[in-house]
Amino acid sequence: MKRIRIWISAILCCMMLGSGFSAYALDITARGGFVLNSNTGQEVYGYAADTLMVPASMTKVMAAYVIYEALSQGRITKDTMIPVGDALAAYSRDPGYSNVTLRAGESYRVDELLSALFVVSANAAVMAMGDYLYGSEPGFVSRMNQIVNGWQIDAYFEDCTGVSSQNRVTPRAMATIANRLVSDYPDCLGYSSMTSLNFRGQNYYPTNKMLPGKPYAYSGIVGLKTGTTSAAGACFTGVAERDGTRMISVVMGAPYSDARFIDSIAMLDYAFSRPESKPQAAPALMADGSVFYVNDLPIAGFIRDGTYFIRVEDLRSYGFDVNYDAQTNTLEVMNRKETPLPDDVAVTAADAAFTPSKAVNILLKQNAEDYGIFTLTAYDIAGKAAMDIKELSYLGWVLTKEKTAVAVTR
């Protein structure tokens with residue numbers, strides 16, 4: 001009955017939209033919900049979007065980001081063998097927690113453990129990789145918190161599994177974390193879309209019921225992660241792709257297991273029904289004279305819909321080291337904190353074609369020892385890699401000024 005009520009509500013709201021009403025009374029049962037358009041970075045729907053809540057095992061999305069970060073840096077590979085000791089082996093057999101069975105004294109490939117993380121939400125598998133990378137769970141969790149702090153989102157983690165009720169994330173922040181993971185490391189979708197897993201002879205099945213063949217199968221769904229504890233309720237972060245548009249949905253605090261999928265379907269149907277979710281031609285560039293300053297120099301950039309972008313290679317002229325690693329297809333950026341150019345440096349805007357691209361990774365590092373963070377998206381301006389200038393705030397200089405100057409179109 002509840003599901004019927006939700007769909008009737010959705011149909012009525014669509015009729016309202018078609019009649020010129022702007023409101024959409026989405027009926028969800030969860031404590032909070034959020035939908036992010038991954039293509040544009042814009043909020044599509046939010047309910048209690050900025051309220052801190054317990055994420056349960058959705059915590060593992062952030063843990064997965066740290067693991068993939070280590071993979072991208074070459075610190076581990078998917079064939080790296082991760083040892084398991086007595087304590088984790090015993091924990092993996094505890095029926096009170098989500099796990100695959102691990103044996104003391106044996107080692108497991110990272111590839112195996114990533115499968116267990118996404119399909120089974122295996123706690124011990126995540127902890128084993130965290131211990132290997134950082135020596136302990138606290139060290140692993142510290143890196144998780146360091147990254148989200150750099151992103152300036154409302155999230156805090158006490159553990160890497162989601163067992164702790166002290167973990168706190170807003171629905172909006174959870175969508176950002178998921179979007180970072182699938183944008184920076186799309187390989188994870190190969191795991192999160194699996195409908196079954198044979199882990200060393202034992203079959204396991206995902207709790208994501210929106211995958212193909214499952215009770216709430218949803219067209220375009222490719223993952224990502226469920227979570228359930230008494231403190232969190234039923235949670236689900238989903239990734240769905242249709243006609244080139246990717247949506248990230250987050251449900252937190254649903255009253256029962258299936259409610260998270262019912263709510264997700266309602267939110268995603270709404271998101272995909274909106275006109276802005278349809279493929280559109282890139283809007284024309286504009287130069288409105290608004291200029292960002294960094295290292296006391298006006299940045300020559302490209303403005304679209306009020307967002308300021310800069311070609312990464314141009315950062316060399318503003319006191320940044322920019323190096324390309326062909327092996328990982330990564331542009332690495334570090335700030336030398338110098339003032340290399342005169343204050344009257346020209347400010348330009350281009351009329352070149354501007355289309356999103358994931359052809360290159362952009363890694364921001366404060367120094368050679370810093371692991372750094374990847375930008376949310378790489379863009380293509382006239383064949384050159386570009387980024388949203390605000391992402392440079394990770395490097396510590398922040399935006400020192402925002403002035404008005406004459407922009408020259410070339």
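Any value given below was found using the heavy atoms of this structure, including those in side chains, with hydrogens, waters and symmetry copies removed. These numbers come from a predicted model, not from an experiment. Residue numbers start at 1 and run along the sequence shown.
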- Run the numbers on Asn167 and Asp159 for side-chain hydrogen bond (donor to acceptor under 3.5 Å, both in side chains), then give the verdict. CA-CA 7 Å; Asn167 295 329; Asp159 68 11; 2.8 Å; yes

- For side-chain hydrogen bond (donor to acceptor under 3.5 Å, both in side chains), just list the numbers for Tyr324 and Asn329, CA-CA rounded to whole Å, side-chain angles, deciding distance to a tenth of an Å, and then say yes or no. CA-CA 7 Å; Tyr324 177 67; Asn329 190 33; 2.7 Å; yes

- Message: Before you tell me yes or no, could you show the steps for Asp388 and Thr377 under side-chain hydrogen bond (donor to acceptor under 3.5 Å, both in side chains), namely the whole-Å CA-CA distance, both residues' side-chain angles and the distance that decides it to 0.1 Å?
- Response: CA-CA 8 Å; Asp388 183 340; Thr377 309; over 6 Å; no

- Item | Verdict with reasoning, Ser121 to Ser57, per side-chain hydrogen bond (donor to acceptor under 3.5 Å, both in side chains) | CA-CA 7 Å; Ser121 193; Ser57 283; 3.3 Å; yes

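One N or O on the side chain of Ser192 and one on the backbone of Val222 form a donor-acceptor pair closer than 3.5 Å.
Residues Tyr47 and Phe34 keep their aromatic ring centres 6.0 Å or farther apart.
Applying the salt bridge (Lys or Arg N to Asp or Glu O under 4.0 Å) test to pairs two or more places apart or on separate chains, those with a residue in residues 208-223 are Lys209-Asp258. A salt bridge (Lys or Arg N to Asp or Glu O under 4.0 Å) check over residues 110-119, counting only residues at least two apart or in different chains, returns the pairs Arg109-Asp111, Glu112-Arg200. Sorted by first and then second residue, the salt bridge (Lys or Arg N to Asp or Glu O under 4.0 Å) pairs with a member in residues 221-241 read Glu241-Arg246; sequence neighbours excluded. For residues 144-156, there are no salt bridge (Lys or Arg N to Asp or Glu O under 4.0 Å) pairs, not counting sequence neighbours.
Gly33 and Met267 make their closest contact through CA-SD, 4.1 Å (heavy atoms, listed as atom of the first residue, atom of the second, distance). Ser107 and Pro83 get closest at one heavy-atom pair: OG-CA, 3.5 Å. Taking each heavy atom of Ala234 and Ser257 in turn, the nearest pair found is CB-CA, 3.9 Å. Val44 approaches Tyr270 most closely through the heavy-atom pair O-CE2, 3.6 Å. The two atoms that bring Ser115 and Met194 nearest to each other are OG-SD, 4.3 Å, heavy atoms only. Phe236 approaches Gly223 most closely through the heavy-atom pair CZ-O, 4.0 Å.
For the pair Tyr218/Asp269, a side-chain contact is recorded, criterion being any heavy-atom separation below 4.5 Å from C-beta on. Between Leu363 and Ile373, the closest side-chain pair of non-hydrogen atoms is not below 4.5 Å. Side-chain contact between Thr375 and Leu364 is present, with heavy atoms from C-beta onward closer than 4.5 Å. Using a 4.5 Å heavy-atom threshold, the side chains of Thr330 and Ile362 count as separate. Looking only at side-chain heavy atoms (C-beta outward), Glu332 and Asp325 stay at 4.5 Å or farther from each other. Between Ile82 and Leu113, the closest side-chain pair of non-hydrogen atoms falls below 4.5 Å.
Tyr108 pairs by the side chain to side chain donor-acceptor pair (under 3.5 Å) definition with nothing, not counting sequence neighbours.
Arg242 forms a cation-pi arrangement with Phe272, by the criterion of a distance under 6.0 Å to the ring centre and an angle within 45° of the ring axis. Judged by a 6.0 Å distance limit and a 45° cone about the ring axis, Arg168 is not positioned over the six-membered ring of Phe157.
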Determine all donor-acceptor pairs shorter than 3.5 Å in which one atom belongs to a side chain in residues 123-133; sequence neighbours excluded.
from   : atom 1 : to     : atom 2 : distance (Å)
Asn123 : OD1    : Lys60  : NZ     : 2.7
Asn123 : ND2    : Tyr91  : OH     : 3.0
Asp131 : OD1    : Glu137 : N      : 3.3

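With Tyr65 as reference, Trp151 is the one residue of Tyr371, Phe374, Trp151 to meet the ring-ring contact (aromatic ring centres under 6.0 Å, His included) rule. Considering Leu181, Thr226, Val169, Ile248 in turn, Ile248 is the only one that fulfils the side chain to side chain contact (heavy atoms under 4.5 Å, CB included) rule with Thr237.
Taking the six-membered ring where tryptophan is involved, the planes of Tyr68 and Tyr185 are essentially parallel, since the angle between them stays under 30° and well short of 60°.
Atoms CG and CZ, on Leu36 and Arg172 in that order, are 9.0 Å from each other to the nearest 0.5 Å.
At most 12 heavy atoms of other shown residues, nucleotides or ligands fall within 6.0 angstrom of atom CG in Asp86.
By the 4.0 Å N-to-carboxylate-O rule, Glu69 lies close enough to Arg143 to be salt-bridged with it.
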